Amino acid sequence: MADTNFLLETRGLTKRFGGVIAVNDVNFNLIPGELRCLIGPNGAGKSTFFKCLTHQHKPSSGKIFFKDRDITRLHTHQIAHLGIGIKTQVPSVFDGIPVRENIWLAARRYHGRGSANKVTADVIDRVGLGNIRDSMVGRLAHGERQWVEIGMVLTSDPTLLLLDEPTAGMTHEETEKTARLIKEISESASLIVVEHDMQFIKAIANKVTVFHQGSILVEDKVEAVMANPLVRDIYLGKEKD
Amino acid sequence: MRGLSLNTAGLLAAAIISVLALVVIPQVAPFYILLQITLYFSFAILALSLAFIWGFGGVFSFGQAAFFGLGGYTYAILSINMGSSTVPLIVAIVLPTVFALLLGYLMFYGRLSSVYLAVITLVVTLIFHKFLGHTAGFEYRIGNAHLGGYNGIPAIPPINVPGDVTKFAFPEDMFYIAGVALVIVYFGLRWLLSSHFGRTLIGIRENEERAELLGYDVRLYKMIAFGIAGAIAALGGVMFTNWNSFIDPHVFDLGMSAQIIIWVVVGGLSTLIGPIIGAFALGILALELGTQQTIDVNLILGAILIIVVLFVPEGFVPTIKRMCIWLAESRGWLRSRLDSSDLEEKQGRDG
Amino acid sequence: MDLAAITIIQVINLIASLALLSIGLAVIFGMMRVINLAHGEFLMLGAYAVLVPTQAGVPLWISMFIIAPLFVGIVGVIIERLIIRHLYGRMMDTLLATWGLSLLIVGAMTMIFGNTMEGISTPFGSFTIGSLADSQYKFFTIGITAVVLLVAYIVLKFTRFGLIARATMQNSDQASVLGVSPPAVYTLTFGIGAALAGLAGAILAPISGVLPTMGAAYIAKAFITVIGGGEAILTGTAAASVFFGAINQTTTFFTSSVVGEVALLVAAIILLRLLPQGITGRFFRRGL
Ligand SMILES: Nc1ncnc2c1ncn2[C@@H]1O[C@H](COP(=O)(O)OP(=O)(O)OP(=O)(O)O)[C@@H](O)[C@H]1O
Ligand SMILES: [Mg+2]
C-alpha cells in the first residue's frame, strides 16, 4: 500500500442492490482536516456511499482506505473504533432511553468509568442538550434527535465525521446553530456532510462533491459547482419544486 | 425535597421483602406449602433467565427450558456418580453455560433474525426432548446413572455441605437454598443491568445499528448475555432437580417452554419482579386448577396468554406500576418524574 | 432391490407428508408474516373433523375433503377476526397470541374428547413388492400432496386471487391499488391456510391417530420446513420438504427413527446457519 496524503480514499467503490447500482465506481478522497460537502439529487447514492464507508452495507466491489489502511472488510464496530463516526439520515438513536443515557453509552465505549461521566456532561453542554437531558429520546422532535445523535458521535472524538443531512427538518435558528456546531467540530476533525441547502453549504464548506446516479459528477469549489450548468440541470433545477 | 429515588426505594423494598420472606415463611407455613414455594423459587429463577435475555437483551428464546433441563440432567448424572454434590453443582451450571455460548455464537455471529432465533432455540429444546425420551434402554447409561427415557432418573442425591456427604439438605433446607439462590440471581441481575454491560445491552435492544456504529460488538454482547441467561436457567434446573430428587424429559417439552413465556409475559417483560410474581401466581393457579376436573389447565393458561397479549401487552407489573405513579403524581404525593436510572421502566417487546 | 423400492416410496411419502402438513403454515407465514403457532392444533381439528363425522356414519371421503377443510377454514376466519387482526405488524405478539390459542384449543378439546387416542381405520389395503408389504395409503398421501401443490400453483399463478395474493405478499399497498382491501385479503388468506391445515390433518389422521395433543408433534416440523424454505411459499415448502424429508428418512433407515428426527432438527439448525434466508433466499428466487 503506497502512502498517500489522504485520510480517506475509495477506489472503484460500487454497491448494487439487485439491478440498481446505487454507488457506481466511485473514486473519492479526502485530505486530513478537510470539510467536504456532498450533494446530489434524491437517490443519487449519497447515503449508500456513507453506509459503505461504515460497512452498514457491504460494498459489492472496490476498496476503502482510511489512513492508508484497507478497511473494506472490517466490521461496523471496528470501523467505529478506528475513528469514523456517522450521523445517519434517519436518526439512529436509542429511543427508549433518556438523552443522557444515550450520550453516556457512547462516551463509555471509549472512556473509563470516571471520565465517561465528564465527557457526557461536556458533550451535553457543547451540543446544548441541557434542557432535555432527562427526556426519552423517542419523544423528542426530529431536530433534537439529530443533535443527540451528533452528540453521541462526538463523545469518541472521531477523526472523521460523516453527517447525512444534519439540518433536515430544522428551523432556521436550529440550522444556524448546527452550522456553528459543524464549524467548531471541523477545527478538530475531518467531516463529510451531505446537504441539500446551498446557503448552508456556502456557509460551511469549501469544496463540494456532486453525486449523480451513483457516480461523482463534479468536484470543485462551492462557487464553481454552483455555477456549473451541468449541476444546475441535474440538481439545482430539481431543488426548486 | 430530595427523598429516596424510586430506584433506591425499590431496591430497599426488595431487600426487606426477601429477608422477611426467607425468615417468616418457614415459621408460619405448613410443610407442604414450604415445599410448593421451593418449587416456585426454582421456577422464578427460570423466569428471570428469560426476563433477562428477552426483556433486556431483546432476544426471544424458546430455549430456556433446554438449559434448565440440561442443568438438571447434568446435576442428576454427576451427583449419582460422584455422591458428593459440589462438583456436580458447578459442572451443572458451567456445561449449560458453555452450550449456550456455543449456540449463541452460532446464532449471533450468523446474524440470524429474531424469528430464526426462535426456531433454533425451539428446535434445540425439542432435540433434547426427543433424544432423552428414547434413552430407556439399558445401553443408555452414564456411569451409574441410567437415563431411563420417559421414566426419568429417580433418587437423585441432594445437595450436601461441601466435603461432608453426611450433611445434606433436607427438603426444608432446600427452601432456604433455592430462596437464597433466587435472591442472589435477582440482585445480581439488578447489579448487572446497572453496569456498563447491562446498560449497553439495553442500548442494543433499543437500536442494534447505533450500538455498532458506536463501536460495540453487538454479536459478542448478545452471545455473552445468552450465556448468562443459560447459566441462570441451569441454576434453576439444579434447584428444581434437588427439589424433586427426580428429573424426566418433561422439562424439555413444549408445555414447559410455554409456561416460562407465560410467566414473563403476564408478569411484565422488561421488569425483573414481574416474572417472579408471574411464576408464583401462575404456579399457584396451575396447582389450584390441577385439583379439579372440570376445567383444563391449558385452556386457562391459553386464555390468559391471549388476553394479556391483546389487552395488557406490557404485562401486569409495569401496567400497575404506571397506574400507581400516575395516581401518585396526579394527587401530588410524588413530585419528581421517574428517576432516569430506573431501569425497570423500559418498554418494547419486538426486537 | 425390493427393499430399495420400498425405501424410495417411504422417502417420497415422508417428503409428501412434510409438505402437506407445512403448506397451510407456509401460506399464512409467506403472505401475512404471521407465525401461527396454533397450526398444529389446526391439524388436530382437521383430524377430529374427520373422526367425528365418520363415527357418525358420514362417508370418509366427504369428511376428509369437505367437512375438515371447511370446518377448520371457518375456525381460521373467526380467529383472524377476533385475534390476529389486532396484532398485524407485531410479529412477536402474534406468535405469543397464537401460542395461547394453541393451548386453549388443546385444553378445550381435552375437555370435550378426553385425553385418549382414537383411530380411524386406514382405507385401502397394502401392496407388496417382492416379499415386502406396505400400505397403499402412502400412494394416496403422495398423490393428494401433489394435487394440492399443483392447485395452489395454478391458483397463485393464473387467477385473480393469485395476482392479488402475490401483490399483497410483496407490498400491502399494491393490493389496495388493485381495488381490494388488505384486511379482506388477510382474512381470506388465513382462512385458506387454516383450511389447508385442516385437510392435512384429515389426511394424516388415519396414520397418526387422533388425540387432542397431537398438534405438538407437528408444529416444530412444519415450522422448520416453512422457515427453512424461505420466502417463496410453494417452491420453498417443496424444496425444504425434500431436503428435510430425505435427511430424516435416510438417517432413520440407517439408524433409528429417533436419530432420524434428531438428524432432521440438527439439519435445520445447520441449514439456517448457512442460508439465513432459507433455501429460496439463495436458490429458486423467482419461485412462487
Ligand atoms: N437497502 C436498499 N435496498 C435497495 N435499494 C436501495 C437501498 N438503499 C438505497 N437503495 C437505492 O439506491 C439508490 C441510492 O439511494 P440513497 O439513499 O443512497 O440516495 P441518496 O443520495 O441518499 O438520496 P436522498 O437525497 O433521497 O437521501 C436509490 O435508487 C435507492 O432506491
Ligand atoms: Mg440519503
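Chain letters run A, B, ... following the sequence lines, proteins first and then strands; every chain starts at 1. Bear in mind that the values here come from a model prediction, so they are computed numbers and not experimental data.
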Looking at A:R73, I want to see if its CZ is surrounded by more than 12 non-hydrogen atoms of other residues, nucleotides or ligands under 6.0 Å.
no

Most contact-rich option vs chain B, by heavy-atom pairs under 4.5 angstrom, among A:S92, A:A80, A:G85, is A:S92

Applying a strict 4.5 Å limit to non-hydrogen atoms, the region of A:Q78 in contact with chain B is neither

Flag yes if more than 12 heavy atoms outside A:Y110 fall under 6.0 Å of its OH atom; otherwise flag no. yes

Of A:I79, A:V93, A:N102, A:I84, the largest count of non-hydrogen pairs under 4.5 angstrom with chain B goes to A:V93

Note: B:R210 and A:V153 closest approach over all heavy atoms is NH1-CG2, 4.0 Å

d(A:T54 OG1, B:E209 CD) to nearest 0.5 Å is 8.0 Å

* Asked: Is the closest side-chain heavy-atom distance between A:W104 and B:H196 below 4.5 Å?
  -> yes

- Query: So do the side chains of A:K87 and B:L213 get within less than 4.5 Å of each other, counting heavy atoms only?
  - Reply: no

Which of A:H81, A:R109, A:H77 passes side-chain contact (heavy atoms from CB on, under 4.5 Å) with B:Y216? It is A:R109

For the residue pair A:F94 and B:L214, establish whether any side-chain heavy-atom pair is separated by less than 4.5 Å.
yes

If one checks every heavy atom of A:S156 against chain B at 4.5 Å, the contacting part turns out to be neither

* Hey, does B:E212 have a side-chain heavy atom less than 4.5 Å from the side chain of A:H75? -> no

Are the side chains of A:R108 and B:R199 in contact, using a 4.5 Å heavy-atom criterion? no

